[in-house]
Amino acid sequence: MAAVTKITVPTGSSSSALRLSSPPPLPSFFPSMFPKTLGKPLHMTSSKNPISDIVSGHKSLPNTESDLFFVNDDDDKPREECGVVGIYGDPEAARLSYLALHALQHRGQEGAGIVAVHDGVLQSVTGVGLVSEVFNESKLAQLPGDVAIGHVRYSTAGSSMLKNVQPFVAGYRYGSVGVAHNGNLVNYQALRAELEDNGSIFNTSSDTEVVLHLIATSKARPFFLRIVEACGRLEGAYSMVFLTEDKLVAVRDPFGFRPLVMGRRSNGAVVFASETCALDLIEATYEREVLPGEVLVVDKEGVSSLCLMPHPEPKSCIFEHIYFALPNSVVFGRSVYESRRAFGEILATEAPVDCDVVIAVPDSGVVAALGYAGKAGVPFQQGLIRSHYVGRTFIEPSQKIRDFGVKLKLSPVRAVLEGKRVVVVDDSIVRGTTSSKIVRLLKEAGAKEVHMRIASPPIIGSCYYGVDTPSAEELISNRMSVEEIRKYIGSDSLAFLPFDSLTRLLGEDSPNFCYACFSGKYPVEPTGKVKRVGDFLDDGLSGCTESIEGGWIPGNRSQNEVKELTWKQEVQCSS
C-alpha cells in the first residue's frame, strides 16, 4: 500500500510553513463489497492543506510499456474526460459519492477521488484505477462527514497520473477548498502564465489548478465569492463542484458545454452530478439542471442561486446525446435514449438499404440500431458480443494477431451473420481504424454484405471543451469523402446522420447545442497552442503544452463542404 502523508498548517501561519507527521494506522477490516486496493498508487491527505499538498509522496509507476501491449487502436472514439458528483447534508455523503461515481464510471475509468469535510477539515482519498480499485471499506471509513465531492476521469497512462487525479484540495489563510472539474479551459495557458509571472508555483499540469490559484489571489469576501470571482475569469468548458468547510458550490460555464444536474434525496440532501443516472443509483430525485452561467451555493441555510455572468446562447455538447452519456440519463433536458433511437430512425428513413439483419457496435450503437431496425422493419440481433472484462493493457501474443485489440473486445456471432446482408450501426467514425477492423471481422464471420450506418454527422474538427479527440488532420472525415471512407473501411455502403436532419430533430433547441466537431466553428476559440498530429491537448494527466506547436491546424472542412458527405452521395456511391 502506498505511503500516507499528513500535512498540517499551524494556526495563524502562512501556507508555506508545513509540518509533516505520521498518519494514524488504517482500519484492518475489508468487507467483500469493497475489494482491497492492491498495486494501485493511492493519495490520501487530511487537514487544511496548501496547494503543494496536491503532490503526494508516491513512487513513480513502473515503466511497463516494454512488456505490456496497450490496446489503443480499437479505442477509436472521442473520450469524455471526467464526471463529477457533490453531496450536501447526508451522513453517508462519501459512500453515496462512491456509488454515484460508479454510475459515472463510463465518463472516466483511470482515476477517481473523493473529498469529504468533517469537523471543518477537508479529507481526501484519490487513486489511479477504477472506482472499485481506488476505494474499499477502510478508505471510505476515513471520509466521515455529511458533505463530499467526487471525481472520475479518463486519461492516458503515465507515471505523473496520480498527482493530477482530482478532486484537488488546497488550503489558504482564510480557509480550505476542494474542487472537481469536468471540462477544459481554453484560456488556461494565458491564465497560468499571468499567475506564474506574479509568483504562483504550479504542481500539476492540470488546468483545474489555475482555478485554485485564482481563488487564492482573490480578495473577495466571504470565501465562496472568491470562487465566483475566479470563475468569472475562466473561458471554455467547466462544470465544477467546490467544497469548503461549510458549503458546497456548483458552477457551470456560461455556454453550458458540459452537463451538470441537481437532485435531492428523501432526507433533504442536495446532490449534484454530471448525469441523472448517478441520481437514480443513490435514490435522489432529479430537480433541474444547473443553468449555464449559474452558481448554486448550498449550506445550512439552504440553496442559493447566483448569476456568474450574463450568458450567451447555450452551446451544450451534442456528443453527450450521441455517445458520452448513458442511455438512461436525461441530459440537457432530453432523454438520451430517445435521442439515439431517433437518430437510428432518421438513418433508416434517409439512408435505407436492402438487408436481412440489423446489428450494433456495442454498447453505444445499440439504441440507434434498435431505432433503425424498428423503422426499417428488419430484425435487430446481437451480431457482435462485447467482452466486459477487458482492461487497458494486455499481454502481447508472441506472434501478433491481426486486429488483436478489436477481437479482444468484440466477438462476431456467425449464426447471425453468415450469408446475411448486414446493417451495422455505430455512433461515430473518428480515425476509421476500428471501423475497418469491424467490417473485416463481420465478413470473416460470413456476412454477405456489410452496410455501415453512423448515428452522427462526420467529425471534422477537434474538441477543446473537455473531450479527448485527435487533431483535425487525423480525423478521417476531414481528409476523405464518404466514398473514400467507404473504400478505406471496406464496407458495401456507408451513410452518416445528415447534419440538417439532426438539427431538424432538435427543433427549437437546435441553436443551444455545440456542433464544432461537425462544422469546425467554435463558440469559444482556444487561445495559445492547439493540437497537432500525435499530440494530446493537455488533459491534466498527460502531455506537455510546451511540446505542442502553436497555431491553428488549417484545412477543417466548412459546413458547406460537409454537405457532400450526405447520404444521397453515399447511397449513390455504394449503388
### Message
Applying side chain to side chain contact (heavy atoms under 4.5 Å, CB included) to Val249 and Val241, what does each step give before you reach the verdict?
### Response
CA-CA 6 Å; Val249 181; Val241 287; over 6 Å; no
### Query
Should Val298 and Lys247 be marked as a side chain to side chain contact (heavy atoms under 4.5 Å, CB included) after you check the CA-CA gap, both sets of side-chain angles, and the distance that decides it?
CA-CA 6 Å; Val298 189; Lys247 290 178 174 61; over 6 Å; no
### Task
Output, in order, the C-alpha distance, side-chain angles, deciding distance and verdict of side chain to side chain contact (heavy atoms under 4.5 Å, CB included) for Asn328 and Val336.
CA-CA 7 Å; Asn328 57 316; Val336 175; over 6 Å; no
### Task
Could you go through the side chain to side chain contact (heavy atoms under 4.5 Å, CB included) check for Tyr88 and Val271 one step at a time?
CA-CA 7 Å; Tyr88 184 97; Val271 181; over 6 Å; no
### Task
Applying salt bridge (Lys or Arg N to Asp or Glu O under 4.0 Å), run through Arg252 and Glu289 and close with a yes or a no.
CA-CA 10 Å; Arg252 196 163 167 223; Glu289 286 188 289; 3.7 Å; yes
### Task
Show your working on ring pair (Phe, Tyr, Trp, His ring centres under 6.0 Å) between His213 and Phe202 and close with a plain yes or no.
CA-CA 9 Å; His213 283 275; Phe202 284 79; 4.3 Å; yes
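Atom CZ of Arg95 is separated from atom CD1 of Ile282 by 14.5 Å, given to the nearest 0.5 angstrom. Atom CE in Met240 sits 13.5 Å away from atom CZ in Arg258 (nearest 0.5 Å). Separation of atoms NZ (Lys409) and OG1 (Thr434) is listed at 8.5 Å; rounding is to 0.5 Å.
With 3.5 Å as the limit, one finds no donor-acceptor pair spanning the side chains of Thr126 and Gln166.
Using a 4.5 Å heavy-atom cutoff, the side chains of Phe332 and Pro259 are in contact. Side chains of Ile87 and Val270 form no contact here, defined as non-hydrogen atoms less than 4.5 Å apart. Counting heavy atoms from C-beta on, the side chains of Ile459 and Ser428 come closer than 4.5 Å. Annotation: side chain of Cys277 is in contact with side chain of Leu104 (closest heavy-atom distance under 4.5 Å). In this structure, the side chains of His321 and Val331 come closer than 4.5 Å at one or more pairs of heavy atoms. Counting heavy atoms from C-beta on, the side chains of Phe242 and Cys231 come closer than 4.5 Å. Side-chain contact between Phe272 and Val84 is absent, with no heavy atoms from C-beta onward closer than 4.5 Å. Using a 4.5 Å heavy-atom cutoff, the side chains of Val177 and Phe168 are not in contact.
Counting only distance, with no hydrogens or angles, the side chain of Ser456 and the backbone of Ile322 share no donor-acceptor pair below 3.5 Å. Between the Asp427 side chain and the Ala455 main chain, no donor and acceptor come within less than 3.5 Å of each other. Between the side chain of Thr217 and the backbone N or O of Leu214 there is at least one donor-acceptor pair closer than 3.5 Å. Here the side chain of Ser97 pairs a donor or acceptor atom with the backbone of Ala93 at under 3.5 angstrom. Distance alone, capped at 3.5 Å, is enough to place a donor-acceptor pair between the Asp207 side chain and the Leu185 backbone. Although no hydrogens or angles enter the test, the distance criterion places a donor-acceptor pair under 3.5 Å between the side chain of Tyr465 and the main chain of Val524. Remark: side-chain polar atoms of Asn182 are not paired, donor with acceptor, to backbone N or O of Ser239 under 3.5 angstrom. The closest donor-acceptor contact from the side chain of Asn136 to the backbone of Lys139 lies under 3.5 Å. Counting only distance, with no hydrogens or angles, the side chain of Glu133 and the backbone of Leu130 share a donor-acceptor pair below 3.5 Å. In terms of modelled atom types and a separation under 3.5 Å, the side chain of Gln105 and the main chain of Val131 share a donor-acceptor contact.
Taking a cutoff of 4.0 Å between a charged side-chain nitrogen and a carboxylate oxygen, Glu474 and Arg431 qualify as a salt bridge. In this structure, Glu275 pairs ionically with Arg107, as a charged nitrogen and a carboxylate oxygen lie closer than 4.0 Å. Taking 4.0 Å as the cut-off between side-chain N and carboxylate O, Glu320 and Arg334 do not count as a salt-bridged pair. A salt bridge between Glu283 and Arg264 is absent, with no side-chain N of the basic residue lying under 4.0 Å from a carboxylate O of the acidic one. A salt bridge does not link Arg265 to Glu92: none of the charged nitrogens lies less than 4.0 Å from a carboxylate oxygen.
Smallest separation of non-hydrogen atoms from Ala278 and Ala100: CB-O, 3.9 Å. Residues Pro144 and Ala116 come closest through the heavy atom pair O-CB, 3.6 Å. The nearest pair of heavy atoms linking Ala360 to Pro362 is O-CD, 3.1 Å.
Partner Ser218 forms a side-chain hydrogen bond (donor to acceptor under 3.5 Å, both in side chains) with one of Glu229, Arg226, Arg233 and no other, that one being Glu229.
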